[in-house]
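Both ligands and their constituent atoms are indexed starting at 1 by order of listing.
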Amino acid sequence: MISDATEVAARVDLVQIFIFLMMAFWFIACNAVLVYFMLRYRRKGPDDEVSDIKGSHMLEVVWTVIPIILVFIIFYVGANVWKDLRTPPEDAYEISVTAQKWSWSFKYDHGAIKGGDLFVPQGVPVKLNMISNDVIHSFFVPEFRVKEDVVPSMYTNVWFQAEHAGVYNIFCTEYCGKDHSHMLGKVHVLDPDTWEHWVNTGLMPGEKQLTPVEAGEALFVERGCKGCHSIDGTKLVGPSVLDLMGREEILEGGERVTVDDNYIMDSIKYPDRQIVAGYPKGQMPSFDGQLTNEDISNIITYLKTISSE
Ligand code: CUA
C-alpha cells in the first residue's frame with residue numbers, strides 16, 4: 001500500500017501502518033489475557049468462592065502510564081509528518097486553484113488558465129492556493145495523500161512534490177450539490193522536457209491544437225456547463241443550449257431579448273444580470289476571470305453548432 005507518488009505520502013502511510021500494528025498488537029494481547037483469565041479462573045462449582053481483591057496501585061499505575069506513553073508516541077510520530085505535510089517549502093511553484101460548482105480551474109505563473117486537469121512539474125514542490133467561488137468543496141489527490149477543504153472567502157492550501165511523471169486522480173470530497181460526483185480531474189505530472197513544452201504551447205507532446213468548436217466543446221464539458229444546460233432540449237437547472245443562437249428569450253421582468261454572441265458572453269460572465277423567466281437566480285457561477293476571451297469565443301462557436309436542423 002505504501003505510495004511513492006510523493007515522499008510525504010510514503011510517510012503518511014508509515015504512520016498509519018505503525019498505528020495499525022500497535023493497535024493490533026494490543027488488541028490481540030488484551031483479548032488473549034482476557035480469554036486466559038476466563039478459562040483459568042472460571043467458577044468450578046457452587047462452593048467455589050472467589051478471593052476478594054481490594055485493588056492494586058501497582059497495576060493501576062502500569063495500565064495508566066503505558067497507554068499515556070503510547071499515545072504520546074503516536075502524537076509525536078503523527079505531528080512530525082503533519083508538520084511537513086502542512087508546511088510548503090519557500091521555493092514551491094505556486095498555482096491558483098478556483099473551485100466552483102462543479103469544476104476546478106487552475107491559473108499558472110505564465111498566465112494560462114486551464115479547467116479540469118492540473119499540470120505540474122515532476123520533482124518540484126508545488127503549492128496550490130485554493131479558494132471557492134460558491135460553496136465548500138474539498139481538493140483530494142489520494143495518491144499524494146493531500147486533502148484540504150476549499151472554501152469561499154478564505155484561501156487554503158496544499159503542497160506536494162510529485163516524484164514520478166504520470167497521471168493521478170483529483171476528487172472533490174465535500175458534498176457540494178447535484179454534480180458533486182462529477183467534479184473530477186486529473187493531475188498530470190510532467191517530466192522537465194514535457195513541462196517546458198506544455199508551458200510554452202499549452203499542449204502535451206503529440207497533442208494537436210483543437211479547432212474552436214472542439215475547444216469550445218471541451219470547455220463546455222470540463223467547466224461543468226453540461227451539468228445544467230442540456231444540448232438536446234431537456235430542461236435542467238438552466239435553459240438548454242439547443243438552438244440557442246437567435247432564440248427569443250423572455251427575461252425575468254418581462255424584457256425580450258434575442259440571443260446573440262454578446263448575450264451569451266454576458267450570461268457566462270454575469271449570469272445573474274439576465275435570468276430567463278422561469279429559471280432560478282443565483283444558480284450559475286460567474287465565469288468572469290475564470291475563462292479567457294478566447295475560451296468564451298470558442299464556447300460561443302461551439303454553441304452555434306448545437307442545432308436541431
Ligand atoms: Cu465540489 Cu463536491
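Vertex atom 2 (Cu) of ligand 1; arms to Cys172 atom SG and Glu174 atom O; angle 90° (nearest 10°).
When distances from atom 2 (Cu) of ligand 1 to the N, O or S atoms of His180 are compared, ND1 comes out shortest.
Counting only heavy atoms from C-beta outward, the side chains of Leu128 and Trp159 never approach each other to under 4.5 Å.
At least one N, O or S atom of Met183 sits under 2.8 Å from atom 1 (Cu) of ligand 1. When distances to atom 1 (Cu) of ligand 1 are checked against a cut-off of 2.8 Å, His137 contributes an N, O or S atom below that limit.
Ring geometry for Trp195 versus His110: interplanar angle over 60°, hence perpendicular rather than tilted (30 to 60°).
For the ring pair (Phe, Tyr, Trp, His ring centres under 6.0 Å) criterion with Phe160, the lone passing option out of Tyr93, Tyr168, Phe144, Phe140 is Phe144.
Of all non-hydrogen atoms in Ser132 and His137, the two that sit nearest each other are OG-CD2, 3.4 Å.
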